[in-house]
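One structure below.
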Amino acid sequence: MNQALYIHNSLTRNRELFEPLNPPHVGLYVCGPTVYGDAHLGHARPAITFDLLFRYLTHIGYKVRYVRNITDVGHLENDADAGEDKIAKKARLEQLEPMEVVQYFTNRYHHNMDQLNVLPPSIEPRASGHIIEQIQIIQKIIDAGFAYESNGSVYFDLEKYAKKYPYGELSGRIMDDLTAQTRDLDGQGEKHFPLDFALWKKAAPEHIMQWPSPWSDGFPGWHLECTAMSTKYLGDTFDIHGGGMDLLFPHHECEIAQSTAALGHESVRYWMHNNMITINGQKMGKSLGNFITLEEFFTGSHKLLEKTYSPMAVRFFILQAHYRSTVDFGNEALQASEKGLQRLLTGIRTLDKLKPSEKSTIDLGDIEQKCYQAMNDDLNSPIVIAHLFDGLRIINLVHDGKETLSESDLEQLKRTYHHFTFDILGLKDEKQADNQTELVNGLVSHILEIRQQAKANKDFATSDNIRNMLTALGIEVKDRKDGFDWSIK
RNA sequence: GGUUUCUUGGCCGAGUGGCUAGGCAGAGGUCUGCAAAACCUUCUACGGCGGUUCGAAUCCGCCAGAAACCUCCA
C-alpha cells in the first residue's frame, strides 16, 4: 500500500487519489452480465478492466471484496411486449425453465472468464436470490416518501426526489431535457411524472418469473438489484462501483437515486467506467447484432475472423488500450497483439534462464518504478506494456552476451516481469502450463545435442534433417553461437 | 433534436503546453553452413482553418467527419 493510486472518478470527471473508507479493506462492485446469451468481446472489456483493478489493488496490499453480480431477472426485452424479460423470453422459445437458461449461460460465462484468466470475484450474487432485499429497499424508499404504489406497481417519485437531491450528475443529464424527450413507455399512465422509473412491476398472470410482495405478485425494477446487492455485501457506503459506460444512464443514475432515497446518502465513493469495444467504428452489442462471441474468437468460427485467437491474445489486445478509450476490433490489430504478446512471453522465458554476473554493464532504468507509476496513473496498462517491451532489449542484450547484469539487478528484473506480466496484467504463458513440459524439455534437449554433434562434424544433412523433423512437430530451433534455443510454436 | 466524447504515422494505440511512448508491418545491416531468432539502424504522425503563447498533437474558437448516451445493452 505504499503506492498512491489515482483513478478517474466518472462522477467528478477528475482523476482522484484513491483512499479506501476502511483500509486495508476495499469494497468493489461491478455490474455483471445478463445471462441470456453467450459472452461476446464487449463483455470481456469490463471483466478484464476490473480484473486488472482487483489484481492491482490486491498486489499493492489491499484486502479486496469484489462483488460482481449475475443478472438473472428483471431486464425487459422492449416496451411493446408488456414486460417479458429477456431470460423468460429465451426460456419460452427454448421450452426451458428460466433457471435452466440462467445456469447454462452462467456456466459458459464462467468458462470464458476462466479462459481469459479473469479471477472469480469474492462474491457473485444473483438478482433472483435477492428479491427480499430488493423489496426491503423499495419499502425504505416508500417510507422515505420517494416512491408510490400505483395499481400494484411501485414507481420512484423522481419529481419529488429532484427537489431535495440533485439528479443527473453522473450522466450529465438535465431533468427538463429528459422530460421533453421521454417516450411513451409501458405503464406510463400509472406514473405521476413521465421520468419516474419502476421499482416493482405487477406481473401479468402469464409472466413466468414473478414473486409475492406487499404490492402485488410481480418482479423488481431494472436498477434495483445492484443497489440491493452492493449495499448488502459492501455496506451502505463502499469504495468503488464499476461497469460499462453504456450503463451510466439510466442504470447507474437510478442506482444513485435509489440508494440516496433509501439511505439519505450516496453509497458509492468512486465510479469507474470502461469504454466500449467497437467494430468498424460502431459499438459491438447484442442490440446491433454485430458482436463476436468469445467462443467464436477462440475457435475462429465467425466470418469476420481470419483465424482463431487465443484467450491471451484477446486479453492482451484489450490491455494494450487504456480502459477509458474505445478500442476498435480488427484482424490486423489482433494479430499484432498476438505477435507482440509472444515476443514478450519469449523474452520472459529468456529472462528466467539468464545467469547473473559480477556487475551490471547496463542500467535497468527504473523499469519497476515506471511500471508502478503507470498503474498508479488510472491503470495505464498500455504504458506498463510499453515499459515491458523496452526492458526486452536489456534481456536480449544480456542473453546475447553483449551486456551483463548483477544478481540483484537480475532479481529485480525478474520480479518486475513476473509481477506485472502475470500477477497484475493477468497474462499467462499457455505453452509453459503443460505438465509434460519436463519430459519434453529433456527429450528435445537430447535430440538437439545429437544435432550439435552432427553440425560439429559438418554433417549438415543430418542436422537439417533433425531440425526439419522437430519443425514438423511444431518445435522451433534457433542456433546460437554456442549451442541452441528452442521453443514450441 | 439534446447531452457528452472523439479525430495521432501503412495498421493498432499511449501521450494534455517544450524532452516528440510502445507494438505490428516495411526497409537496410550484424550474426549464421543455411534458416530462424536476436540485436542495431531506419521510416517521425497528430482532421481543416484561425487564435493564445517565446513555444501546441496538447489551451481557445469556428468548420468538417465519426461515435456513445437519451430504450435493454459491458
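Every chain is numbered from 1, with letters handed out A, B, ... down the list of sequences. Every value quoted in this text rests on a predicted model; they were computed, and no experiment measured them. Because only heavy atoms are used, hydrogens play no part in the values below, and waters and symmetry mates are left out as well, while side chains stay in.
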* To do: Establish, for the pair A/K90 and A/Y104, whether the NZ or CZ atom is under 6.0 angstrom from the six-membered ring centre and no further than 45 degrees off its axis.
  => no
* Phosphate-side-chain proximity, A/K402 and B/C31, N/O vs OP1/OP2 below 4.0 Å -> no
* To do: Please report, rounded to the nearest Å, how far the C1' atom of B/A38 is from the CG atom of A/L354.
  => 13 Å
* Taking the same atom, C1', in B/G26 and in B/C60, what whole-Å distance lies between them? -> 39 Å
* Asked: Which is true for A/H40 with a 4.0 Å heavy-atom rule: it touches a base, it touches only sugar-phosphate, or it touches nothing?
  -> base
* Let me know the distance between CZ of A/R324 and P of B/A14, rounded to the nearest Å. => 11 Å
* Just how far, in rounded Å, is P of B/C72 from CZ of A/F219? -> 13 Å
* To do: Would you mind reading off the distance between A/K283 atom NZ and B/C72 atom C1', rounded to a whole angstrom?
  => 9 Å
* Asked: Between A/Y417 and A/F422, is the ring centre distance below 6.0 Å?
  -> no
* Whole-Å gap separating P (B/U8) and CD (A/Q320) -> 17 Å
* Asked: Which part of the nucleic acid, if any, lies within reach of A/L247 when heavy atoms closer than 4.0 Å are counted: base, sugar-phosphate only, or nothing?
  -> sugar-phosphate
* What is the distance from atom CD1 of A/I7 to atom CZ of A/R15, rounded to the nearest 0.5 Å? -> 11.0 Å
* When the C1' atoms of B/G29 and B/G61 are considered, how many whole Å apart are they? -> 50 Å
* Can you tell which of B/A68, B/C34, B/C39 lies closest to the side chain of A/R451? -> B/C34
* **Of A/R173 and A/M276, the one whose closest RNA chain B nucleotide lies more 5'** => A/R173
* Asked: For A/N275, which contact category applies under a 4.0 Å heavy-atom criterion: base, sugar-phosphate, or nothing?
  -> base
* Pairing nucleotide - B/G26, Watson-Crick or G-U, each distance under 3.5 Å -> B/U42
* To the nearest angstrom, how far is A/I277 atom CD1 from B/A68 atom P? -> 14 Å
* Can you tell me how far C1' of B/C70 sits from NE2 of A/H223, to the nearest Å? -> 13 Å
* To do: Mind checking A/V477 for me? I need base, sugar-phosphate or nothing, with any heavy atom below 4.0 Å counting as a touch.
  => base
* To do: Rounded to whole angstrom, note down the P distance from B/G47 over to B/G13.
  => 15 Å
* Name the pairing partner of B/C34, where a pair is Watson-Crick or G-U wobble with both distances under 3.5 Å, or state none. => none
* To do: Please determine, for B/G1, whether a Watson-Crick or G-U wobble partner exists with both distances under 3.5 Å, and give it or none.
  => B/C70
* Structure fact -> Looking only at B/G13, B/A14, B/A38, the nucleotide nearest the A/N380 side chain is B/A14
* **ring centroid sep under 5.5 Å plus plane angle under 30, A/F460 with B/G33** => yes
* Watson-Crick or G-U counterpart of B/C59, or none if no pair lies under 3.5 Å -> B/G51
* Asked: Side-chain donor or acceptor of A/R467 under 3.5 Å from a matching atom on the base of B/C34?
  -> yes
* Asked: Distance between the P atoms of B/A27 and B/A37, in whole angstroms?
  -> 14 Å
* Structure fact -> From the candidates B/G23, B/A14, B/C70, the one with an atom nearest any side-chain atom of A/F249 is B/C70
* Salt-bridge present (A/E338, A/K307; N to O < 4.0 Å) -> yes
* **Presence of donor-acceptor pair under 3.5 Å, side chain of A/K286 and base of B/C73** => no
* Is the side chain of A/E295 donor-acceptor paired with the backbone N or O of A/D38 at a distance under 3.5 Å, no angle test? -> no
* Can the positive tip of A/R173 be found less than 6.0 Å from the middle of the six-membered ring of A/F249, inside 45° of the ring normal? -> yes
* Side chain of A/D328: nearest nucleotide among B/C73, B/G13, B/C40? -> B/G13
* Could you tell me whether the phosphate oxygens of B/A25, OP1 or OP2, come under 4.0 Å of any side-chain nitrogen or oxygen in A/K339? => yes
* Contact class for A/G42 (heavy atom, under 4.0 Å): base, sugar-phosphate, or nothing? -> base
* **Pairwise C1' distance, B/G48 and B/A64 [rounded to whole Å]** => 7 Å
* Structure fact -> Side-chain atoms of A/L397 come closest, of B/C40, B/A36, B/A14, to B/C40
* Using the C1' atom on both, measure B/U16 against B/C46 and round to a whole Å. => 13 Å
* To do: Provide, to the nearest angstrom, the distance between the CG atom belonging to A/L248 and the P atom belonging to B/C73.
  => 12 Å
* 5'-most contact on RNA chain B: A/E332 or A/N396, nearest heavy atom basis? -> A/E332
* Asked: What does A/I174 touch in the nucleic acid at a heavy-atom separation under 4.0 angstrom: a base, only the sugar-phosphate, or nothing?
  -> nothing
* Picking from B/C39, B/A74, B/A36, which would you name as closest to the side chain of A/D400? -> B/C39
* Write down the partner of B/C6 under the Watson-Crick or G-U wobble criteria, each distance required to be under 3.5 Å. => B/G65
* So what does A/D464 touch, heavy atoms closer than 4.0 Å: a base, only the sugar-phosphate, or nothing? -> base
* Between A/N9 and A/W271, is there a donor-acceptor pair closer than 3.5 Å when you use the side chain of the first and the backbone of the second? -> yes
* To do: Could you tell me the separation between the CG atom of A/L195 and the CG atom of A/L158, rounded to the nearest 0.5 Å?
  => 6.0 Å
* Within the 6.0 Å centroid threshold, strictly below: A/F298 and A/H111 -> no
* **Proximal nucleotide (of B/A36, B/C39, B/A14) relative to the A/H322 side chain** => B/A14
* Selected nucleotide, minimal atom distance to A/R343 side chain, candidates B/A38, B/G22, B/A74 -> B/A38
* Asked: Among the nucleotides B/A37, B/G13, B/A74, which one has an atom lying closest to any side-chain atom of A/V327?
  -> B/G13
* **Whole-angstrom distance between B/G2 and B/A21, as gauged at atom P** => 40 Å
* To do: Please state the P separation for the pair B/G23 and B/A14 - nearest whole angstrom.
  => 15 Å
* Structure fact -> Checking B/A68, B/C39, B/G33 against the side chain of A/D479 (C-beta onward), the nearest is B/G33
* Is there a side-chain polar atom (N or O) of A/S325 under 4.0 Å from OP1 or OP2 of B/A14? -> yes
* Structure fact -> Across every strand shown, the nucleotide meeting Watson-Crick or G-U wobble geometry with B/C19 (both distances under 3.5 Å) is none
* Base, sugar-phosphate, or nothing for A/A333, non-hydrogen atoms under 4.0 angstrom? -> sugar-phosphate
* To do: Using a strict cut-off of less than 4.0 Å between a Lys/Arg side-chain nitrogen and an Asp/Glu carboxylate oxygen, indicate whether A/D51 and A/R315 qualify as a salt bridge.
  => yes
* Contact class for A/M284 (heavy atom, under 4.0 Å): base, sugar-phosphate, or nothing? -> base
